[in-house]
Chemist: 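To start, I am sharing the structure in question, which I have written as structure tokens.
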Amino acid sequence: MRTPFTELTGVEHPLVAFNRSPAVVVEASRAGALGVLAATAYTPAELDAQLSWIEQQLDGAPYGVDLLVPQRKVDVDTTRLVESLRAQIPQQHLDFVAALMAKYDIPPLPAGRRLHDGTATDASVVPELLKVCFAHDIRLIANALGTPPPEMLEPAKESGIPVASLVGKPQHAERQLAMGVDILVAQGYEAGGHTGDIATMILTPEIVDMAGDVPVLAAGGIASGRQLAAALALGAAGGWAGSVWLSTAEDVANAVIKDKFLAATSSDTERNKTRTGKPARQLLSTWHAEWAASDAPPTLPMPLQPMLTVEAWERIDAAAEQGHPGAVELESFFIGQVVGSFTRIRPTRDVVRDLIESCEQRLREMSGLIGLH
Ligand SMILES: Cc1cc2nc3c(=O)[nH]c(=O)nc-3n(C[C@H](O)[C@H](O)[C@H](O)COP(=O)(O)O)c2cc1C
């Protein structure tokens, strides 16, 4: 399959594998998709090490990076900023989370486990992170948070690296196109993680119609060849998939959450604010039932809600890995509605191959519908 997206990035198949696990990125790119590393929680040195490792494994196959870069430069002492934000978390909220951890008997954080404090990437390290990205052989850079800032766009243009941007409604796309992004990712309501309220089926053609020559990838709801074929039918130049890679052997999520995914139906997710303060689609668990109780406090805005809950989640994940019953009950992660289609854990390369082969098969069947076999 040749599309404007495969032409622009040099990738074999019109499929992106968005994931935080470097091994998933490598296996997806080796199989001919474009592995994109979700690099939201790395220091510059860690990012450099991960990208170097990926490149060693890939031997020239294309891959990309997705960063979380705040739009405005914040010229302040970040330690003091974090402290002043922390002071804004009401005691009622701190007590609620502490009581939840006690009720489910969640052990403290294991020694040596590093805590990512849940705030967006520290603006002062952004230039370093971008320098690391552009020093590597990436074929795409994406910004997870709104319009890519000039610090990302300018060096990308100079190095000829396409910049992709996620959009959830036409107004977002207008801004991104005006900024000169090279690829728009139309991310619909059914997607895992932070998402808007327009479905992929509606959003994709809306964005395609606005985008002119700029290739559009459809995101949200793509986990099979039929769904990728549907994205192409809507005018997309490919699919940007996130959730499906959480059903792979190489994904770093623990076995408890992977088992929960396999057991889930397409009704078992919700756009919920209890983790990040913004609507993010995730698997429902006892955690969400507790926050929906009448005595639970309202969620706080971003970044206060993630600052409030990040340690609790680290503790839940660590204890769930050990099979701790309370943690297993609370355990959850970001995932889209496609979770209902997961039947087994598979190697990433098999997921890419099946998706592409069944998409091509479906496209052949569809051309048969109008006598073009
Ligand atoms: C676990 C998870 C984490 C995500 N984190 C991010 C992120 O940090 N940055 C980003 O741009 N998109 C993020 N997304 C959204 C994906 O980029 C993608 O748009 C989405 O997963 C596509 O829909 P799907 O989940 O139905 O495949 C995340 C998605 C998932 C499932």
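Just so it is clear, the model here is predicted, and its values are computed rather than measured. Values below: all heavy atoms of this structure, side chains included; hydrogens, waters and symmetry mates excluded. In this chain, numbering begins with 1 at the start of the sequence shown. We count ligands from 1, going down the list as the structure has it; atoms in each ligand are counted the same way.
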Chemist: A241: heavy atom below 4.0 Å from ligand 1, yes or no?
Modeler: yes
Chemist: For atom 29 (C) of ligand 1, grab the closest protein heavy atom and report residue, atom and distance to one decimal in Å.
Modeler: G192 O, 3.4 Å
Chemist: Would you mind checking which non-hydrogen protein atom is closest to atom 8 (O) of ligand 1, with the distance to 0.1 Å?
Modeler: T40 CG2, 3.6 Å
Chemist: Where do W245 and V16 come nearest, in terms of heavy atoms and distance?
Modeler: NE1-O, 3.8 Å
Chemist: Using a 4.0 Å heavy-atom threshold (strictly under), name the region of L166 that reaches ligand 1: side chain, backbone, both or neither.
Modeler: side chain
Chemist: Are any of the N or O atoms of V338 closer than 3.5 Å to those of ligand 1?
Modeler: no
Chemist: We want to know whether T248 and D251 form a side-chain donor-acceptor pair, criterion being a heavy-atom distance below 3.5 angstrom.
Modeler: no
Chemist: Taking atom types as modelled and ignoring hydrogens, do the side chains of T348 and E250 form a donor-acceptor contact shorter than 3.5 angstrom?
Modeler: yes
Chemist: By number and element, which atoms of ligand 1 are closer than 4.0 Å to a non-hydrogen atom of W240?
Modeler: 16 (C), 17 (O), 18 (C), 19 (O), 22 (C)
Chemist: From the options A38, G220, A223, select the one whose nearest heavy atom is closest to atom 23 (O) of ligand 1.
Modeler: G220
Chemist: For atom 25 (O) of ligand 1, what's the nearest protein heavy-atom neighbour? Residue, atom name and distance, please.
Modeler: S243 OG, 2.5 Å
Chemist: Check the side chains of T299 and Q305 for a donor-acceptor pair under 3.5 angstrom, ignoring hydrogens and angles.
Modeler: no
Chemist: Is it true that D66 lies under 4.0 Å from ligand 1, counting heavy atoms only?
Modeler: yes
Chemist: Identify, for atom 7 (C) of ligand 1, the protein heavy atom at the shortest distance, and state residue, atom and that distance.
Modeler: F18 CZ, 3.3 Å
Chemist: For ligand 1, indicate whether the residue A191 contacts it via side chain, backbone, both or neither (heavy-atom separation under 4.0 Å).
Modeler: both
Chemist: Which distance, rounded to the nearest 0.5 Å, do you find between the NE2 of H194 and the CG of L68?
Modeler: 9.0 Å
Chemist: Heavy-atom contacts with F333 under 4.0 Å: which atoms of ligand 1 show up? List them by number with element.
Modeler: 1 (C)
Chemist: Quick one: look up the protein heavy atom nearest atom 19 (O) of ligand 1 and list residue, atom name and how far away it is.
Modeler: Q187 OE1, 2.6 Å
Chemist: Check this for me, if you would: do R86 and E83 make a salt bridge, where the nitrogen-to-carboxylate-oxygen distance has to be below 4.0 angstrom?
Modeler: no
Chemist: Give a yes-or-no answer on whether the side chains of R139 and T9 include a donor-acceptor pair shorter than 3.5 Å.
Modeler: no
Chemist: Specify the protein heavy atom at minimum distance from atom 26 (O) of ligand 1: its residue, its atom name, and the distance to 0.1 Å.
Modeler: G221 N, 2.8 Å
Chemist: When you measure from atom 2 (C) of ligand 1 to every protein heavy atom, which one gives the shortest distance, and what is it?
Modeler: F334 CB, 3.9 Å
Chemist: Do Q361 and S358 get their side chains close enough for a donor-acceptor pair, meaning under 3.5 Å?
Modeler: no
Chemist: Starting from atom 21 (O) of ligand 1, which protein heavy atom do you reach first, and at what distance in Å?
Modeler: G242 CA, 3.2 Å
Chemist: Between V185 and A164, what is the shortest heavy-atom contact and its length?
Modeler: CG2-CB, 4.3 Å
Chemist: For the pair K157 and D182, find out whether any cationic side-chain nitrogen is under 4.0 Å from an anionic carboxylate oxygen.
Modeler: yes
